[in-house]
Amino acid sequence: MIRRTFLLTGAAATIALPAMADTAPAIKVVKSPTCGCCTAWVDHVRQAGFQVEVQDVEQDALYALKDRLQIAPELAGCHTAVVGDYFVEGHVPAEDIARLLAEQPAARGLTVPGMPMSSPGMGGPGAGDTFDTLLVGPDGATSVFASHS
């Protein structure tokens, strides 16, 4: 009887997993209220199916958040987001965020440093720049997570 209960409980959990996998945590974006490219990136992430909460703040508050998350200046973008236990810095493509959440690597987050012209919110594919999305490890070291051209 105990084995049957265990098996039925396991089967119910297996059935529930796909529905849970379809619900990603909300992305909380902190940005300047006057930044049009940040707003375009938020639209990109929403169009990809993510729930997004936006907080417009003054630059000093945005810099303070970057400092609190230990985002090095050379890795910074124009806006900062948090999703689950990760930060997402700058114009990171939505598919990279989805992959991050699916794989859940031991990392602090993703970044697209600067503002590459072909990144989401900056003009999109074909706008000129190739760019890499970098994975920021627990120690702050980076590695290429995805390349985009």
Side-chain angles (χ1 to χ4, degrees), residues 9-10 12-149:
T9 302
T14 302
I15 292 167
L17 283 178
M20 288 174 22
D22 291 339
T23 59
I27 298 175
K28 297 175 183 167
V29 181
V30 180
K31 66 176 199 60
S32 165
T34 59
C35 186
C37 66
C38 295
T39 301
W41 181 81
V42 167
D43 292 342
H44 161 77
V45 175
R46 281 189 174 131
Q47 289 171 359
F50 285 96
Q51 178 186 3
V52 183
E53 300 172 16
V54 178
Q55 181 179 7
D56 289 329
V57 299
E58 297 300 320
Q59 279 306 126
D60 290 344
L62 184 56
Y63 293 144
L65 174 62
K66 293 174 191 298
D67 286 345
R68 194 167 53 251
L69 294 173
Q70 298 176 354
I71 299 170
E74 65 272 14
L75 299 179
C78 57
H79 55 267
T80 302
V82 175
V83 58
D85 293 331
Y86 300 105
F87 67 73
V88 177
E89 179 69 9
H91 293 267
V92 175
E95 64 265 21
D96 294 349
I97 299 168
R99 180 177 155 211
L100 175 77
L101 295 173
E103 294 178 5
Q104 296 188 351
R108 293 189 8 231
L110 295 176
T111 183
V112 171
M115 298 168 70
M117 284 307 299
S118 57
S119 62
M122 290 298 298
D129 295 337
T130 60
F131 66 95
D132 292 328
T133 299
L134 304 178
L135 180 72
V136 181
D139 62 354
T142 61
S143 60
V144 175
F145 186 75
S147 293
H148 302 277
S149 56

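All residue numbers in this chain count up from 1 along the given sequence.
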Residues which pass side-chain hydrogen bond (donor to acceptor under 3.5 Å, both in side chains) with [X], listed by chain and number, not counting sequence neighbours:
| X | value |
| --- | --- |
| Thr130 | none |
| Asp56 | Lys31 |
| Thr142 | none |
| Asp132 | Ser147 |

### Task
Please list, chain by chain and in numerical order, all residues satisfying ring pair (Phe, Tyr, Trp, His ring centres under 6.0 Å) with Phe131, sequence neighbours excluded.
His148
### Task
With sequence neighbours excluded, give me every side-chain hydrogen bond (donor to acceptor under 3.5 Å, both in side chains) pair touching residues 101-115.
Arg99-Glu103
Summary of salt bridge (Lys or Arg N to Asp or Glu O under 4.0 Å) pairs that have at least one residue in [range], sequence neighbours excluded:
| range | value |
| --- | --- |
| residues 139-149 | none |
| residues 89-98 | Lys66-Glu89 |
| residues 71-84 | none |

### For Ala98, all residues meeting side chain to side chain contact (heavy atoms under 4.5 Å, CB included), sequence neighbours excluded
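For Ala98, the residues satisfying side chain to side chain contact (heavy atoms under 4.5 Å, CB included) (neighbours in sequence not counted) are Phe50.
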### Task
Could you list the residues that satisfy side chain to side chain contact (heavy atoms under 4.5 Å, CB included) with Val82, not counting sequence neighbours?
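If we apply the side chain to side chain contact (heavy atoms under 4.5 Å, CB included) test to Val82, skipping adjacent residues, the hits are Leu69.
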Show every donor-acceptor pair shorter than 3.5 Å between a side-chain atom in residues 33-43 and any protein atom, with sequence neighbours excluded, or say none if there are none.
residue, atom, partner, partner atom, Å
Thr34, OG1, Ser32, OG, 3.2
Thr39, OG1, Cys35, O, 3.2
Trp41, NE1, Val92, O, 2.7

### Task
For Leu135 and Leu110, run side-chain contact (heavy atoms from CB on, under 4.5 Å): C-alpha distance rounded to whole Å, both residues' side-chain angles, the deciding distance at 0.1 Å, then the answer.
CA-CA 5 Å; Leu135 180 72; Leu110 295 176; 3.8 Å; yes
